[in-house]
Each structure stands twice: as C-alpha cells, then as structure tokens.
Amino acid sequence: MPYDPSSLEPRWQAAWEQAGSFAAVRDERPKYYVLEMFPYPSGRIHMGHVRNYTMGDVVARFKRAQGYSVLHPMGWDAFGMPAENAAMEQGGHPRDWTYANIATMREQLKPLGLSIDWSREFATCDDDYVHQQQAMFLDMLDAGLITRKSAQVNWDPVDMTVLANEQVIDGKGWRSGAVVERRELTQWFFRISDYSDELLSALDGLTGWPDKVRLMQANWIGKSRGLQFRFQTVDAPEGFEAIEVYTTRPDTLMGASFVALSPDHPLVRDLAAADPRVAAFVEECRKIGTTEEAIETAPKLGFDTGLTVKHPLDADWHLPIWIANFVLMDYGTGAIFGSPAHDERDHEFATKYGLPIRATFGERGMSLEQADALVAKAPFVPLKSETVTYVRGFSGAADQTGEAAVDAAIAHAESAGYGEGVTKFRLRDWGISRQRYWGCPIPVLHCDTCGTVPEAKENLPVLLPQDVSFDVPGNPLDRHPTWRQATCPNCGGAALRETDTMDTFVDSSWYYARFTSPHAATPTDRADADYWMNVDQYIGGIEHAILHLLYSRFFARAMVKTGHLPESAKEPFDALFTQGMVTHEIYSNALGGEMITGSDAVAENALEEDRLKNRIKYYFPEDVVIYEHHGRRRGITKQQVKDANLYPLKQEDLSFALVEGKIKFDVVVSSSAKMSKSKKNVVDPVNIVANFGADTARWFMLSDSPPERDVEWTAAGAEAANKFLARVWRLADEAGEGGDDPDLTRAAHRAIADVTKAIEGFAFNKAVAKIYELANAVGKSKAGGEARRAVLRIMAQLMGPMVPHLAEDVWAMAGGQGLLVDAPWPKADPAMLEDDTVVLPIQINGKRRAEISVARDMPKDQIEAMVLADETVRRFLEGAAPKKLIVVPGRIVNVVA
RNA sequence: GCGGGCGUGGCGGAAUGGCAGACGCAUGGGACUUAAACUCCCUGGGGCGCAAGCCCGUGCGGGUUCAAGUCCCGCCGCCCGCACCA
C-alpha cells in the first residue's frame, strides 16, 4: 500500500483532537505564545495563509516538543470594507457574508492539521468582542488617550460619501469617476503622538524584531531636532504679523530664498477669502488626494501671494511668501522657508518659478563663487556628518559638519532671541473615525445639553442595527430611521448616537491580548494575561511593518494605562518574523498588444501589460499545460488539447502536433508575481490538499525559499515535495532487519543539531535541506532492525513540526511509543558531532589549489610545515619562501607567494 | 517623491570576511520493464583540455583585505510601505 495522505491525514487529526493535544492550558511548564497575524475572512484561504500558518505551526509544534505549554490561537479580522462592497454588489448583509466566509475558511483551514486551540476562536465582529472593545474605548477616553479634532478626508462630490484611499484612483472616485476633493471632518483620534518618544526609544529593546522593521518604525515616527522661529511679515492681514516656521536645517538660513505656506495654512485661508485667485489655487491644490504619496509625487505648484517677510538676520532682506502644494499642514507649522541650494524639492521649485538659489556651504575648501556654481544646476545635499565649508555661514566655524552647524544655528537663534530649538515628530495622531457601517460603533452620544457624552458602560454593547441597505452610497447608520435616537446617560434627555465606526486597525490592535482569555466578561482576565503575555513569536507579512505593529505597540501601552494589561506587556510582541509572499507565473493570451499565436514573444513587460490589460485574457494554472519548446516555456490551454483529441499530450509528441497544425501555442508565460485573482495566477490550497495532502502543501511552503523571501509556487515543486514525502514513507514502510551503521547514527545526530538550529533561526528551508540529507543517508545505509528504526524515529521527530501527519505515521511504523506530538524533541549526542580529522583547503594567493587532511587539534606550526611540504604549494612557490602564511585553525590556509 | 528591502547556475536557493553553487527542481545518460509510469544509479555554472589541470564567474563600476557573494562608496533593476485596503 502506497503513501496515502487522504486516509492518513484525517486519521491523525482525529487522534490529536481526541487527545486534546492542542488545548492551551496553564500549568507548571514554561509558556510559549505563538501567533500568526489573523486572516481577513475574504471567502477562501489562499497560499499566503498556508505559508503563514505553516510557519507558525512549525514553531508551535517545535516549542511544544521542547516542553513548553503552547498557546496557538486563531481568529478573524472580520470588520472592513469588502463586506460592504459585497453587500453593494450582490445584495445581502455584511454580517451574513462575513460569517459565511468564516465558516468556509475554517473548514478549509482545518485539513491543514495546524496545532491550533480552536476553542479560543473569535471574530472581531462578534457582539462580545465589540462589547469589550467599546468598554476599553470608554476607559481610554476617560484616561485622556482619545481626542476629537478636525482631519481631512477624500470626499466624492457625486456619491456624497467619504472614500478610502484605495477607492481613489488617479484622483477620481472609483464608482462615480468624479474628481475627489479634500474635505475636513471632525473625527476621533487616539493620542498616539503623546507616545512618540516612548515608542521610538523602546524600539531599542525589541531585539527579537528584524532590524529593518525597527528602522522603518523609527523613520515613521521621525524624531527631528530643528529650529522654530517667526518671520515678521510685511503688509500682511491683521493677525498675521508673524509666520511661525520650523526647519531641520537652520544652518541654511542665509540661503533662504522664499517662504512657502501649506494651502491649509490659516493665512492662506484668510487670503483666499479675499482673493478669488488664491481661492482658485487652493481649490486646485485640494484636488490632490490626501495621501502623502499623492502630494509628494504631484507636480510642484506654487502661487506668489505678493506678500513678503523680513529675514530674521537682516530686516532689510525681504523674502516672498508663496503658497506651495507640497507643504503639509500636519507636519511642523505648515510653513517652511525654502533653501533651494540644499534641498531637492526646494531646488525644483526655485528653478520652476525663477527664485534665487544661493549656496550656504560648498564642498570643503570651496569659495563662495565655487559653491554658488556648484548648486546652480542641482542641489548640494551631503550627509549631515560630512564636513563642509560654509560660505554664507552665520554661526559656528567655517569648516564644520552639518550637524555641528545646525546646533550652532540653534544656539545662535536662542541667544539672539529670534527662535528656539525644538524636537518634533513626524508621527501624527491615529484617526480612527470611519464613516462606514461595518465596523465597531464608537460608543458615544451627542447631546444638545451635555455635548459629546460617552455611553454608560452598562448600556454596552452598542450594536449595529441589522435592518440596513447598501443600495445607496454613504453610511447606512446616518440614514437609519431610529438607530441614532438614544438617551443621554448624563442628563436623561434625547441624544444622537455617534455614527462613525472604528478603524479596523483598532480591532487588530488587541486581539492578541483577547486570545489569552477569549471568553472573559472583561476585555482581559488579568491572571490569564499575566500568564500568557507576551506573544513570544509573532509572524506576519512585512506590509504590516509600520501601521499595524505601531498601533498595537501603542494600544498595549494604552491597555496598561487603563489596567487591562500588566506593565510587562507594554511591548506585546517579543519576537517578530516577517514572511514573504507566495507568487506564481502568469498565463495569458497576449503580449505587446497582439494576440499571441505561437510567436516568439515570451518576455514580460509590466508597463506594456498594464496598458493592455483590458485586452488580455488570463488563464488559471489548472487550465493550461506548459511545454518546453526550443528552450522556452510555452503554454496551451487544456481545452485546445482536448478539442484536438490529444489530451494528455506528451512532450515527445508535441513537435508532431505542432507541425501538423493540430495545436498551437496560445498561452504566454509571464514572470512570477504575487498571486492575485485578477491575474488568475492563483492556486487553491483546497485543490492542493485534495490532490497531494496537507503535508505536501506544508512541505513545499517550507522548502527551497527562505521564509522571509517570496516563494514561487510551481506545479513541479509541489510534485517534488509529494515525491519526497512518499519516499520517506516508503523508507519507514520497507525497513527490514539488519545490523548497525555507525555512520548513519552519526548522520542522524548531525541532523538533530542542524535541524534544531535551523528551526530556531527561522531557516526552515535549511532544515528541509538537512532532512533531505538524512533521508539520502537512510536510503544509502545498509542498517536494519532497531538501528534503522531508531534513525527513522529521529527523522519523524525532526519532520514532525513541518509535516505532522506523515511524521506520526513514520513514528508509529518505526516503533515510536504513543503520539509523536507528545514525544520530547530529540537531543544530539555531542560526541557524535565531532570529527577527529578536518580537511583544510589550501589557498595560494587567495585561490584554492590544494587541501590537506589534519588532526582537528594539530598545532599551527605543524600545519605550516605540512603546507610548505605540499607538492602543489612547492610548485607554486618555485623554491621561494612564502611572503606570508595565514593559518585559520580548522578553516583554511592561505599562502601568499 | 520619501522610507525600507532584495539581486548568486536553466530555476528555487546554500555559504560566523575563509573551498562559491549545500539541498531541491529541470536537463542529459544508464538500470529495471514486453512497453510505459513508478523507482534506483550517474551527470549537472561557462570556456579550454584525452587527462592532470588552467581561465572566467555572485546585477553594474570603483575601493578595503592575505582572502569579498559577504564590508565601504557610487549606480541600475525589481519588490514592500506611505497614515481610510487588510
């Protein structure tokens, strides 16, 4: 009987379930909390999920074997726009759509054999979760962590609704096609910016996080030291006698050539009220979306107000005031001075509008003329740590670094009294208001008498009304006939409910804490949180490096402040791993605008493809057959092969069929990209599990590609994975009688050491390679009987975290006692790991020319003597003494001739 | 535009500054078979050579070092994020 995952996998899953193997329990063992970022219930699981959860499962099972009490939960990030979009497109209710998707996905996930404690499952749209989140919101409101202020949104003037950034395409609303405007709304915010410094400095302690993520967060928080000062205005309207600016480069003050205001600056508003030309310019600026990307990539636009300011160091020197579309109101003071000689953007702006470009400094030793010449065509922006020569300096030495010059300039401004050094952060408060239905209602009321009033805790949860429709754009809560009507908990009078719901990032900012006690009547249970927090290993995509992870770090602090988490949990994730995406080749019918019918064009060009996307037809991988023809990969649709009565067409019959004209290549193979429904380059995990079993899918996801990098799903790779697992199964099935093989036992212990190290280091691809080596050793070995079974049991243990079903079967066949899942992780015998002799490569002038075999502990002088006596070395030296002889013990020898 | 990352055979990848290409896939050859599939063995960066061996080779151009895929500087290409996608 061959390897049959379809019978074996359900059997072991049932065994684990019956044994209750994965229930997380508080006991005397040390605890380990493994968490993968929870999925959005889009409707079907995809390969990205399989990869993410397989990695987490490897860690969970590995730690379990190492004697930890493991918490490995699963839930659903269930609020969000797709449910509303589905309701708009297909009718139905977001709640029904969401829960149906969850049911489907749970059924698709379970056959993967993940070691999850399913009793802890919840969805963020559950009434209970909403309830606890609202309770925390009230606590946080009370603790001063929440505020209300004005913020800009994308406004679709036709649909009369707020759009998400992704719903704005080329500055237009995705449904209406209307040019989107920026509008101001009063919104709810978490005061994350109060924690800027704390969130930044605490990054140093996150030693279990990738450096790149810490760096991205540090840059996002963006601490900067600069000078804040006032320009005195000339002839400006009343109330605008001075303009406050902030600069991180006060040392370039003598190179200032203009002042630029944000279109949202108060002075600009004042001017716009009086001058229609200003108003028109501002309106033009507002047609750019709200994203920083849109603002920064839009062409730089300026408007000369005609007003001027006095330079703080020379009252007779007047600078023009411009309005510029790239100046952000959110950062600094909404006003800057332009220093075109030393800033890319200012240089572009000055060049476009004919404003002066005056160097403040040049390369070391340059004269004023040389420095001005240097910056005429392009700005000079050296590293701040580099020493430069100031040609228009006003403080500090002539030759100094940018850093020193900034400090000197701040000191100068402070002693002269025209400005002060300040520290600013780029991080803005976290706006959580969404003008949408399918989210957690913000539990607040608006009372005519009492103003904005928090709902009383005993009135929670504030649940969404069920009788809503999505046939008209806009927020159904706003137009619901009765839902808004409520009683003010303060005065007992009539009040209106807040109709904003919360950003779904709020839901995902504390689910990790809720998993520690998912059914508690309070947001957390302190004993459980104390025991299970922190998450020891968090695993998810790099796309969450900034927002989700930063918000979660803030939220944990807010939960500490409101007593929902212990102080020790303020950094909730001890270690983080960011895994890569799953990609696949793309199969389509067209390239370069022509329908491809067996022509030579196979290469891919993303831009071209984008331009032609409307004419391109995509094929699912399961609908095409790929052949190698004249060294190129070409595709034919299965339908075509069937129509020609040739299915299944063999490679060797291909040329015949082509020559006879029975078939032609009509599918272009394009390079791999992230799996997406629109390009149909998706492989359904359900099909893979049905065809090959879950273990094959898991094994493939772990093989070959390093976990942090993208992995390309290929049919050949999946088959190879399946073949290997079948081979391992046969090795166990066919184990016969025989004697010892010390080399095999050594190989097994080597494998224990290597695989353990690889799993600990998240190098699953290397662990897989080491298991291949062990399997090859088993296959070659003559060992039999208990000696062979002992090695097979080790192999089962090492494979257990990755392919748990097969491993259980091999374990049982090789005479393992009880369930493998309960067996402790094997330990390598140190005596088995060391060889007595080592082969030392000999390099001559850095190139490998020979090797010698020496005792591991041979002294250096003996090695040197052996090297000099070596025939190849003597040939290269031609009788001369080496210039140098480098011996790195146990590693390498280099002879410099 | 700004921030972050990645780039090694035909392909996925391996390599505490120390033998580049572990391991796997594809290819080619062979064994088994009436035949095929399965399986097993060998081959497996490019070039020259009967061979021993030699030369070239880690996106491109420089540099540091006895020694560079790895460190430094400057480019090119691709990917991720940019605050209302999740």
Side-chain angles (χ1 to χ4, degrees), chain A residues 2 37-40 42 77 79-82 151 153-154 162-168 187 192 210-213 215-220 222 290-298 300 326 330 344-345 348 426-436 503-505 508 541-548 550-551 578 580-581 583 606 628 631 650 671 673-674 703-706 708-712 714 716-717 719-721 723-724 726-727 730 763 765-766 768-773 776 779 839-843 845-851 882-886 888 891-896:
Chain A
M37 289 180 185
F38 65 167
Y40 178 79
S42 56
D77 188 14
F79 277 131
M81 293 199 307
V153 294
N154 300 306
V162 177
L163 298 179
N165 285 333
E166 71 158 7
Q167 296 173 322
V168 181
Q187 313 237 56
I192 189 172
D211 287 341
K212 63 177 169 185
V213 175
L215 187 57
M216 285 162 86
Q217 291 217 348
N219 288 337
W220 184 261
T290 56
T291 70
E292 199 171 301
E293 184 188 4
I295 292 165
E296 294 208 7
T297 52
K300 311 283 170 280
F326 58 84
D330 293 317
E344 202 79 49
R345 210 164 44 181
E348 190 188 329
R426 207 183 74 99
L427 181 64
R428 311 199 294 256
D429 277 336
W430 171 16
I432 61 154
S433 284
R434 297 293 180 269
Q435 293 71 44
R436 269 180 261 290
D503 178 9
T504 56
F505 274 126
S508 57
I542 184 71
E543 66 273 20
H544 295 292
I546 295 175
L547 293 180
H548 163 61
L550 190 62
Y551 290 154
T578 54
M581 300 180 302
T583 66
E628 186 111 0
K650 289 184 199 129
S671 61
K674 180 177 184 172
S703 317
D704 296 349
S705 293
E708 68 277 11
R709 233 185 274 179
D710 291 352
V711 62
E712 180 180 30
T714 62
E719 274 158 31
K723 270 186 202 173
F724 175 71
R727 188 170 143 227
R730 272 199 315 275
N765 56 323
K766 285 188 248 174
V768 164
K770 296 299 177 187
I771 289 168
Y772 269 106
E773 282 179 359
N776 289 342
V839 172
L840 227 46
I842 302 174
Q843 292 184 333
N845 294 329
K847 281 184 192 255
R848 183 188 182 280
R849 298 294 179 182
E851 62 182 36
K883 289 205 188 86
K884 214 168 177 180
L885 186 57
I886 294 144
V888 185
R891 283 247 165 231
I892 203 165
V893 178
N894 194 8
V895 182
V896 186

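Order of the sequence lines fixes the chain letters, A, B, ..., with proteins taken first and strands second; residue numbering starts at 1 for each chain.
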Which part of the nucleic acid, if any, lies within contact of [X], taking any heavy atom under 4.0 Å across all strands shown: a base, the sugar-phosphate backbone alone, or nothing?
X      : answer
A/K674 : nothing
A/K883 : nothing
A/S433 : base
A/V213 : nothing
A/D330 : nothing
A/A545 : nothing

Open item on the list: Suppose we call a contact any N or O donor and acceptor under 3.5 Å apart; does that hold for the side chain of A/E293 and the base of B/rC82?
Closed with: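 It does, because a donor-acceptor pair links the side chain of A/E293 to the base of B/rC82 below 3.5 Å.
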Task: Base B/rG3 paired with A/N219 side chain (donor-acceptor, <3.5 Å) - done: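 No.
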Open item on the list: Whole angstroms only, please: what is the CG-C1' distance between A/L163 and B/rA83?
Closed with: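 Roughly 17 Å, once rounded to whole Å.
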Open item on the list: What is the separation between atom NZ on A/K770 and atom P on B/rG13, rounded to the nearest whole Å?
Closed with: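 Atom-to-atom, A/K770 to B/rG13, this comes out as 18 Å.
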Between the protein and nucleotides 43-49 of chain B, list the N/O to N/O atom pairs that are separated by less than 3.5 angstrom.
none

Integer angstrom distance from the [atom1] of [N] to that of [M]:
N      : M      : atom1 : result
B/rU33 : B/rU27 : P     : 24 Å
B/rC78 : B/rA14 : C1'   : 22 Å
B/rG45 : B/rG24 : P     : 14 Å
B/rG44 : B/rG21 : C1'   : 11 Å

Task: Runs of at least three Watson-Crick or G-U pairs with RNA chain B, cut-off 3.5 Å - done: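 For RNA chain B the paired stretches long enough to count as stems (3 pairs minimum) are B:1-7 with B:76-82, B:10-12 with B:23-25, B:28-31 with B:39-42, B:45-48 with B:53-56, B:59-63 with B:71-75.
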Task: Position toward the 5' end of RNA chain B (nearest nucleotide), A/M581 or A/P82 - done: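 Whichever sits nearer the 5' end wins; that is A/M581.
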Show each protein N/O and nucleotides 62-67 of chain B N/O combination with a separation under 3.5 Å, one pair to a line.
residue, atom, partner, partner atom, Å
B/rC66, O2', A/N894, ND2, 3.3
B/rC66, O2, A/N894, ND2, 2.7

